[in-house]
There are 2 protein chains.
Amino acid sequence: MTEPNIIRIFSVDDHPLMHEGIAALINNQPDMEMVAEAFKGSDALAQFRLSQPDVTLMDLRLPDISGIDAMISILNEFPDARVIMLTMFEGDVEIRRALKSGACGYLLKTMPPKELVAVIRRVHAGKKHIPTEIAQNLAEHLGEETLTAREIEVLKCVAEGNRNRDIGEKLFISEETVKVHVKHIMDKLYASDRTQAVAIALRRGIIQL
Amino acid sequence: MTEPNIIRIFSVDDHPLMHEGIAALINNQPDMEMVAEAFKGSDALAQFRLSQPDVTLMDLRLPDISGIDAMISILNEFPDARVIMLTMFEGDVEIRRALKSGACGYLLKTMPPKELVAVIRRVHAGKKHIPTEIAQNLAEHLGEETLTAREIEVLKCVAEGNRNRDIGEKLFISEETVKVHVKHIMDKLYASDRTQAVAIALRRGIIQL
DNA sequence: GCGAAAATACCACTATTTAAGTATTGAAAA
DNA sequence: TTTTCAATACTTAAATAGTGGTATTTTCGC
């Protein structure tokens, strides 16, 4: 039914125009074929089941669930699925999470089309691929400690303008404990105060608005 | 040289894939034609001069200068240019600035392709177009006061984690004056503290990281 | 089970921010 | 030209945040 040696591609993206662009590019390659499209994370698994693609291009930011979670649900059922994360730009935290969760590549949408098809071929051949641009960003924060789940919870409250006392009440812990968390957060993010901590966390994708 | 009644379109976007998508869409329309492309804001004016398009699609976020500034430089030389701002999503401040600077429309990249071509036709016919989605967002912040240039300067320093005293030294004003500015900023943004002020300003596009 | 890391709590102290006023100056707008 | 707005400066007092300790409990990986 399908020709041999044709790389079957599935694209998940909520931007119809980006879909068009990717499809035009893919279908111009003699060794590639676009076999399915999804616009929402919740449709991705079903579409994957139907089309059984060789390579999946997954947008990180989707209207319903995160592209990473959509990928995880696919990998859960199809452990051999090869997924390339395709995104505008996110902080190092998202990249790390995507790779740790099993992504075979992580590409910026600003890349030249040639590079995209090259990476698709590499990934299809069983390799992993991270562009130097992104690898550099990863390296910058390599030795740095990551925030714990509790610290992120606290940081979100801080970003909402809550006082330490109110954060304590919300999370059912004492104000003193909140202070300790905030101090650890500032230390880990190299922030001089809570305000800069929030700004840095937003830039790095640790929290979102 | 060019057929009559064909809408000549110029696209400025730093995403090659988006370019492809837009071009594919445009060239599929019987009454439209893609006549030029630019990937940087600094190239936009020169390309415009060469191609003299009917409608320009301008990405807000470009690698070098802002899409708004690129549009302004075009409108400066060609006051009748019709520019549609095309973007992922930005805060209300950017939208306001784009429209005030002379944009004929402001579209989200998440829109269906049909809508894009419809808006291009409307704009080409001399109308302005803002989708309800965006109009709503604009309305939300309608009566709210805008920050002065000085307040934005101060706010940027706040976001960088500076103390009021240090901000004063940086901007050559007294710490007391900084306090007044910060107070006004918080009042205008309905923030309970400087931290939330920064978070809100980032979301609304008043400052960027 | 052991050791490490995380979350919790308390104390005491200092630094900083925030509130709520008044007031002067220059520039822009009506 | 008057009026408004923005920026500037000051004071006082209270609230909040940040620092540096110690210590207990739980959870997780080895």
Side-chain angles (χ1 to χ4, degrees), chain A residues 93 96-97 100-101 141-202 204 206-207, chain B residues 93 96-97 100-101 141-202 204 206-207:
Chain A
V93 174
R96 225 177 289 277
R97 216 162 76 80
K100 205 169 59 183
S101 304
H141 302 286
L142 196 65
E144 295 171 17
E145 297 172 89
T146 55
L147 298 193
T148 67
R150 196 54 156 173
E151 284 164 353
I152 291 173
E153 256 184 301
V154 171
L155 187 53
K156 281 179 185 165
C157 292
V158 171
E160 284 165 6
N162 292 291
R163 301 177 305 168
N164 290 335
R165 189 188 307 163
D166 295 333
I167 296 171
E169 282 173 16
K170 276 194 182 186
L171 303 180
F172 305 108
I173 56 181
S174 83
E175 181 182 343
E176 311 301 325
T177 304
V178 175
K179 284 189 181 184
V180 174
H181 284 312
V182 173
K183 171 109 179 78
H184 288 161
I185 291 165
M186 293 190 300
D187 288 347
K188 287 181 178 179
L189 299 183
Y190 302 106
S192 53
D193 61 19
R194 55 169 54 211
T195 303
Q196 194 185 16
V198 166
I200 291 172
L202 286 169
R204 291 187 48 192
I206 296 169
I207 60 172
Chain B
V93 174
R96 222 177 290 276
R97 216 161 75 79
K100 205 169 57 182
S101 305
H141 302 287
L142 196 64
E144 295 172 18
E145 297 172 89
T146 56
L147 298 193
T148 67
R150 196 54 157 174
E151 284 164 353
I152 291 173
E153 256 184 303
V154 170
L155 188 52
K156 280 179 184 166
C157 291
V158 171
E160 284 166 7
N162 293 291
R163 302 177 303 169
N164 291 336
R165 189 187 310 162
D166 296 334
I167 296 171
E169 282 173 16
K170 276 194 181 186
L171 303 182
F172 305 108
I173 56 180
S174 84
E175 181 183 346
E176 314 307 322
T177 305
V178 176
K179 286 185 183 180
V180 175
H181 285 311
V182 173
K183 170 105 180 81
H184 289 160
I185 292 166
M186 294 191 297
D187 288 346
K188 287 181 178 178
L189 299 182
Y190 302 105
S192 54
D193 61 17
R194 55 167 54 210
T195 303
Q196 193 185 16
V198 166
I200 291 172
L202 286 170
R204 291 187 47 191
I206 296 169
I207 59 172

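The structure presented is a predicted model; accordingly, all values stated were derived computationally and were not measured. Per chain, numbering begins at 1; letters A, B, ... match sequence-line order.
- Picking from D:dT19, D:dG18, C:dT8 the nucleotide with the shortest atom distance to the side chain of A:Ile173 gives C:dT8.
- In terms of phosphate contacts, B:Arg163 brings no side-chain nitrogen or oxygen within less than 4.0 Å of OP1 or OP2 of C:dT17.
- Of all heavy-atom pairs between B:Ile200 and B:Leu189, the closest is CD1-O, 3.4 Å.
- In this structure, A:Glu175 atom CD and C:dA12 atom C1' are separated by 14 Å, rounded to whole Å.
- Under the 3.5 Å distance criterion, the side-chain polar atoms of B:Thr177 are left unmatched by any main-chain donor or acceptor of B:Ile173.
- For the pair B:Thr177 and D:dA9, the criterion of a side-chain N or O lying under 4.0 Å from OP1 or OP2 is met.
- Of the two residues near DNA chain D, B:Ala149 and B:Asp193, the one whose nearest nucleotide lies more 5' is B:Ala149.
- Judged by atom type and distance alone, B:Lys179 reaches the base of C:dT18 through a side-chain donor-acceptor pair under 3.5 Å.
- Checking the phosphate oxygens (OP1, OP2) of C:dT8, a side-chain nitrogen or oxygen of A:His181 falls inside 4.0 Å.
- Taking atom CG of A:Asp187 as the reference point, atom P of D:dT19 lies 7 Å away to the nearest angstrom.
- Where B:Thr195 and B:Val180 each meet DNA chain C at their nearest nucleotide, the meeting point lying more 5' is that of B:Thr195.
- Nucleotide C:dT18 holds its C1' atom 15 Å from the CG atom of A:Asn164, rounded to whole Å.
- With A:Glu151 contributing its side chain and A:Leu147 its backbone, the two residues share no donor-acceptor pair below 3.5 Å.
- Between B:Asp166 atom CG and C:dA15 atom C1' the separation is 12 Å, expressed in whole Å.
- Here the side chain of A:Lys183 is nearest to one of D:dG20, D:dA17, C:dA19, namely D:dG20.
- Note on B:Glu153 versus B:Lys156: no salt bridge recorded, every NZ/NE/NH1/NH2 to OD/OE distance being 4.0 Å or above.
- With distances taken from any side-chain atom of A:Met186 to the nucleotides D:dA17, C:dT17, D:dT19, the minimum falls on D:dT19.
- Nucleotide C:dA19 holds its C1' atom 14 Å from the CZ atom of B:Arg194, rounded to whole Å.
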Test salt bridge (charged side-chain N to carboxylate O under 4.0 Å, His left out) on B:Lys170 and B:Glu160; report intermediate values, then the result.
CA-CA 12 Å; B:Lys170 276 194 181 186; B:Glu160 284 166 7; 3.6 Å; yes
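- Taking each heavy atom of B:Val158 and A:Thr195 in turn, the nearest pair found is O-CG2, 3.5 Å.
- Taking side-chain N and O atoms only, A:Ser174 has no distance below 4.0 Å to OP1 or OP2 of C:dT8.
- Atom-to-atom, NE2 of B:His184 to C1' of D:dC5 comes out at 11 Å; the value is rounded to the nearest Å.
- Contact check, B:Thr148 against D:dA7: a side-chain N or O comes under 4.0 Å of OP1 or OP2.
- For B:Glu176, counting side-chain heavy atoms from C-beta on, the closest listed nucleotide (D:dA7, D:dC10, C:dA7) is D:dC10.
- For the pair B:Ile167 CD1 and C:dT17 C1', the interatomic distance rounds to 11 Å; values are reported in whole Å.
- One can place CG of B:Leu171 at 11 Å from P of D:dA9, the figure rounded to the nearest angstrom.
- Phosphate contact (OP1/OP2 of C:dA6, side-chain N/O of A:Arg150, threshold under 4.0 Å): absent.
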